Number of protein chains: 2
Amino acid sequence: MRKKPSCIDVAEMAGVSTATVSYVFNGRRNANVPDATKRRVMDAAERIGYRPNRLAKGLAGGKTHLVGMVTRLDTFDARIASPIRGELSNRGYQVLLAHNQTHWELEQRDFEQLLEHQVDALICISGGWGAPERPLVTWVLEAGIPCVIVNDREASGRIDSVVSDNRGGAKAAIDHLVSRGHRRIGHVPGLECVFTGREREIGYAEAIRDAGLEYDPDLVQGEGYDIKTGYDGTRKLLALPNPPSAIFAANDANALGVYRAATDLGLRIPDDLAIVGFGNEREAEALQMTTIDQHPDEMARVAVERLFVRMRTMELPAVTQTVPVTLLPGRTS
Amino acid sequence: MRKKPSCIDVAEMAGVSTATVSYVFNGRRNANVPDATKRRVMDAAERIGYRPNRLAKGLAGGKTHLVGMVTRLDTFDARIASPIRGELSNRGYQVLLAHNQTHWELEQRDFEQLLEHQVDALICISGGWGAPERPLVTWVLEAGIPCVIVNDREASGRIDSVVSDNRGGAKAAIDHLVSRGHRRIGHVPGLECVFTGREREIGYAEAIRDAGLEYDPDLVQGEGYDIKTGYDGTRKLLALPNPPSAIFAANDANALGVYRAATDLGLRIPDDLAIVGFGNEREAEALQMTTIDQHPDEMARVAVERLFVRMRTMELPAVTQTVPVTLLPGRTS
DNA sequence: GTGAAAGCGCTAACAT
DNA sequence: ATGTTAGCGCTTTCAC
């Protein structure tokens with residue numbers, strides 16, 4: 001096994017200089033390489049199995065065509081991550097993975113790695129950007145690297161973000177339930193400290209008032225995104241002197257907990273209790289739950305589009321783009 | 001914004017040569033750098049915010065500490081991908097993403113990108129490695145790059161792989177059902193052309209015979225991993241003159257289809273029909289289905305371990321490592 | 001239209 | 001124990 005062929009080998013074999021090889025492979029802004037030379041170079045490259053070295057290219061040219069992607073790859077995140085990778089790949093960019101950590105030191109280690117690899121930009125999926133002391137915000141800003149946050153929002157609004165219409169989704173859920181005749185609608189919210197959690201709860205409250213119903217704080221119980229939260233919250237809601245006839249859950253896992261609590265109490269769904277989740281995740285599919293689809297592919301598309309705008313210039317102010325959601329009727333409402 | 005500091009800057013500021021900086025940052029095999037110099041260098045680096053450039057390092061040293069990961073990031077794959085990334089990160093390796101494609105030309109484009117970025121190795125999650133004409137096999141072999149396949153197996157056995165004990169899982173499912181008194185047990189298999197699908201079907205057949213039951217080909221209906229397959233397969237199974245009292249499905253989505261078909265026919269689960277799925281996916285959790293846990297974290301651990309063995313030498317013959325599975329009893333059996 | 005040559009930031013012999 | 005130096009493979013200005 002001999003060494004990998006370099007552009008020097010190609011140049012020699014084609015009887016040109018390495019500069020010309022570079023011109024042929026990258027397309028030059030100035031002069032044009034005549035088709036004859038172009039062909040000679042390509043043939044030589046083909047013949048010796050030449051493959052350009054991105055490291056050298058990055059070192060010399062200053063751009064790596066690498067984008068760092070910070071994500072936990074879990075549930076909804078993975079559904080955004082995959083199309084993001086696809087979009088980037090179509091534009092000639094590759095994705096270097098990093099992980100959203102709860103431990104900031106670990107997160108820093110990963111982040112440093114991305115920078116050492118000279119990524120041209122960053123895409124961060126979810127991950128608690130609202131925390132006011134989150135160091136990653138500072139690091140990103142200090143590094144001056146193009147960055148887009150997806151499915152979350154940085155508190156001070158200094159970094160671009162793409163989110164789904166969480167309030168709109170909550171409103172759609174409530175309106176749907178109201179149209180089915182429900183007048184007392186409970187909510188099991190997500191985490192107060194998470195953007196989507198807050199937004200959906202605000203959307204719930206607004207929609208309740210918009211519908212002319214009374215907002216009752218007792219109708220909001222629990223805080224979290226797992227089955228247990230939904231379960232416990234629902235037990236409390238149903239123990240109320242005047243219990244709700246419908247519950248809007250902050251996400252589908254939470255909604256699954258609602259479902260279990262209700263059925264454990266012998267309630268029939270949707271007759272005794274209607275349920276609407278959020279996210280169109282697989283537990284919703286499994287139970288044929290009414291839920292809100294967040295269109296992860298569209299979020300990915302918008303996010304990458306935004307990233308390329310940002311890569312063009314860092315001067316523009318940061319913006320938040322909102323992707324519409326869709327209510328998906330199921331058998332639980 | 002001035003240029004990024006390089007090791008030259010650090011060397012100057014610390015009053016040493018770039019070689020020494022390199023020694024300090026990488027730990028040398030030969031001589032030791034005294035603590036005094038070490039500290040001077042580190043201080044200087046800290047002060048000017050030096051960050052080593054991986055591109056230069058890779059170019060000069062020949063190793064990038066980059067591993068290409070080929071995955072679709074869907075469902076089960078994402079659950080393996082995430083811990084693999086974690087393991088690699090702990091060992092100082094970063095992950096470059098690529099996508100398993102059905103279109104081989106797209107897959108080639110991605111694969112070429114990985115090689116251009118000079119990845120040190122490859123991890124491929126699932127993705128149809130059994131197809132005898134799959135070009136990726138040839139490319140990997142030709143490139144002579146260390147590679148481990150996870151949750152699949154290359155047909156000719158020339159590439160290392162890590163799989164879960166698919167046959168054992170099937171056997172555990174059947175034994176479980178037999179112990180519950182079932183004597184006619186149906187199967188809705190996965191795809192014949194996919195390793196896990198074949199293995200689970202073989203495991204089913206073996207277990208049936210081992211249990212002293214008669215293997216009836218009519219009891220195997222359908223082929224696939226989605227709800228529709230499970231649904232249609234079950235309709236056929238239940239229309240049999242002598243229908244099964246239990247069904248083992250190739251995966252949990254498939255099992256969900258089984259569940260729906262049964263309930264649509266008014267059957268009670270598990271009394272009228274018992275169901276066992278495979279994978280411990282979220283639809284199983286949602287329905288509290290009996291299923292087989294594949295321990296994705298362990299698969300990831302073993303895969304990375306294997307990859308490092310392979311990176312050490314390409315001389316050893318390729319092996320297949322099998323990770324045990326666990327039956328998770330639920331309410332559907 | 002094409003070539004010569006100076007980097008890009010770092011590593012690894014080889015010297016000292 | 002540390003410095004010197006020749007690359008690693010490519011881009012890019014500036015000549016010709």
Side-chain angles (χ1 to χ4, degrees), chain A residues 2-42 44-45 48-66 112-113 115-120, chain B residues 2-42 44-45 48-66 92 113 115-120:
Chain A
R2 66 235 161 281
K3 243 175 48 58
K4 290 181 195 157
S6 78
C7 68
I8 301 185
D9 304 321
V10 177
E12 271 177 9
M13 166 154 265
V16 298
S17 73
T18 60
T20 303
V21 175
S22 179
Y23 301 153
V24 169
F25 268 83
N26 302 303
R28 196 150 142 67
R29 61 194 145 294
N30 275 345
N32 275 328
V33 181
D35 277 0
T37 353
K38 204 174 286 185
R39 201 174 320 286
R40 277 220 316 291
V41 170
M42 289 309 250
I48 64 180
Y50 169 65
R51 201 179 348 250
N53 182 329
R54 287 264 176 188
L55 300 183
K57 196 166 182 161
L59 230 205
K63 321 219 93 301
T64 52
H65 283 230
L66 236 37
E112 288 293 330
Q113 288 288 328
L115 293 190
E116 288 186 14
H117 280 287
Q118 313 297 119
V119 295
D120 290 340
Chain B
R2 65 239 162 280
K3 242 176 47 58
K4 290 181 193 156
S6 80
C7 68
I8 301 185
D9 304 320
V10 177
E12 271 179 9
M13 165 153 266
V16 298
S17 73
T18 61
T20 304
V21 175
S22 179
Y23 300 153
V24 169
F25 269 83
N26 302 303
R28 197 148 140 68
R29 61 198 143 292
N30 277 344
N32 274 327
V33 181
D35 277 0
T37 351
K38 203 174 286 182
R39 201 173 322 286
R40 275 219 320 289
V41 170
M42 288 311 250
I48 64 179
Y50 169 66
R51 204 181 343 254
N53 183 328
R54 289 264 177 188
L55 300 184
K57 196 167 182 162
L59 228 205
K63 323 218 92 294
T64 53
H65 284 232
L66 238 36
Q113 287 288 327
L115 293 189
E116 289 187 12
H117 280 287
Q118 313 296 122
V119 296
D120 291 340

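The figures that follow rest on heavy atoms only: side chains count, while hydrogens, waters and symmetry mates do not. Labels below follow one simple rule: chain letters A, B, ... track the order of the sequence lines, proteins then strands, and each chain is numbered from 1. Only a predicted model underlies this, so the values are computations on that prediction, with no experimental measurement involved.
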Tell me the interatomic distance from [X], atom [atom1], to [N], atom [atom2], rounded to whole angstroms.
X	N	atom1	atom2	value
A:Arg39	C:dT2	CZ	P	13 Å
B:Gln118	C:dG9	CD	P	19 Å
A:Lys4	D:dC10	NZ	P	11 Å
A:Arg40	C:dG3	CZ	C1'	13 Å
B:Leu55	D:dG9	CG	C1'	12 Å
B:His117	D:dG9	NE2	P	17 Å
B:Phe25	C:dT11	CZ	P	10 Å
A:Asn53	D:dT11	CG	P	10 Å

Heavy-atom check, side chain of B:Leu66 versus side chain of B:Arg54, under 4.5 Å: no

task: State whether the side chain of B:Arg51 and the backbone N or O of A:Glu116 hold a donor-acceptor pair below 3.5 Å, judged by distance alone.
output: no

field: Nucleic acid contacts - residues 57-65 of chain B versus DNA chain D, non-hydrogen atoms under 4.0 Å
entry: B:Leu59, B:Ala60

Strand-adjacent residues in residues 11-20 of chain B, judged by heavy atoms under 4.0 Å from DNA chain D: B:Gly15, B:Val16, B:Ser17, B:Ala19, B:Thr20

Of the nucleotides [options], which has the atom closest to the [X] side chain?
X	options	answer
B:Ser6	C:dC10, D:dC10, C:dT2	C:dC10
A:Tyr23	C:dT2, C:dG9, D:dC10	C:dT2
B:Pro34	D:dG9, D:dT2, C:dG9	D:dT2

What heavy-atom pair brings [X] and [Y] nearest, and what distance separates the two atoms?
X	Y	value
B:Lys57	B:Asn26	NZ-OD1, 2.8 Å
B:Tyr50	B:Pro5	CD1-O, 3.5 Å
B:Ala11	B:Thr18	CB-N, 3.7 Å

Sole candidate of A:Val41, A:Val24, A:Val21 that passes side-chain contact (heavy atoms from CB on, under 4.5 Å) when paired with A:Cys7: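 Single pass found, and it is A:Val21.
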
Partner of A:Tyr23 by side-chain contact (heavy atoms from CB on, under 4.5 Å), out of A:Thr37, A:Val16, A:Val33: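 Of the listed residues A:Thr37, A:Val16, A:Val33, the side-chain contact (heavy atoms from CB on, under 4.5 Å) partner of A:Tyr23 is A:Val33.
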
- request: Check whether the side chains of A:Asn53 and A:Lys4 place a donor and an acceptor atom closer than 3.5 Å, and report yes or no.
  value: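 Side chains of A:Asn53 and A:Lys4: no pair found under 3.5 Å.
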
Between [X] and [N], does any side-chain N or O lie under 4.0 Å from OP1 or OP2?
X	N	answer
A:Thr37	C:dG1	no
A:Ser22	D:dC10	no
A:Asn26	D:dT11	yes

query: Just checking A:Tyr50: base, sugar-phosphate only, or nothing, at a heavy-atom cut-off of under 4.0 Å?
result: sugar-phosphate

- prompt: When rounded to the nearest 0.5 angstrom, what distance separates CD in A:Glu12 from OG in A:Ser6?
  reply: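 Result: 8.0 Å between the selected atoms.
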
- request: Only counting residues at least two apart or in another chain, list the ones meeting side chain to side chain contact (heavy atoms under 4.5 Å, CB included) with B:Ala60.
  value: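 In terms of side chain to side chain contact (heavy atoms under 4.5 Å, CB included), with neighbours along the sequence ignored, B:Ala60 is linked to no residue.
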
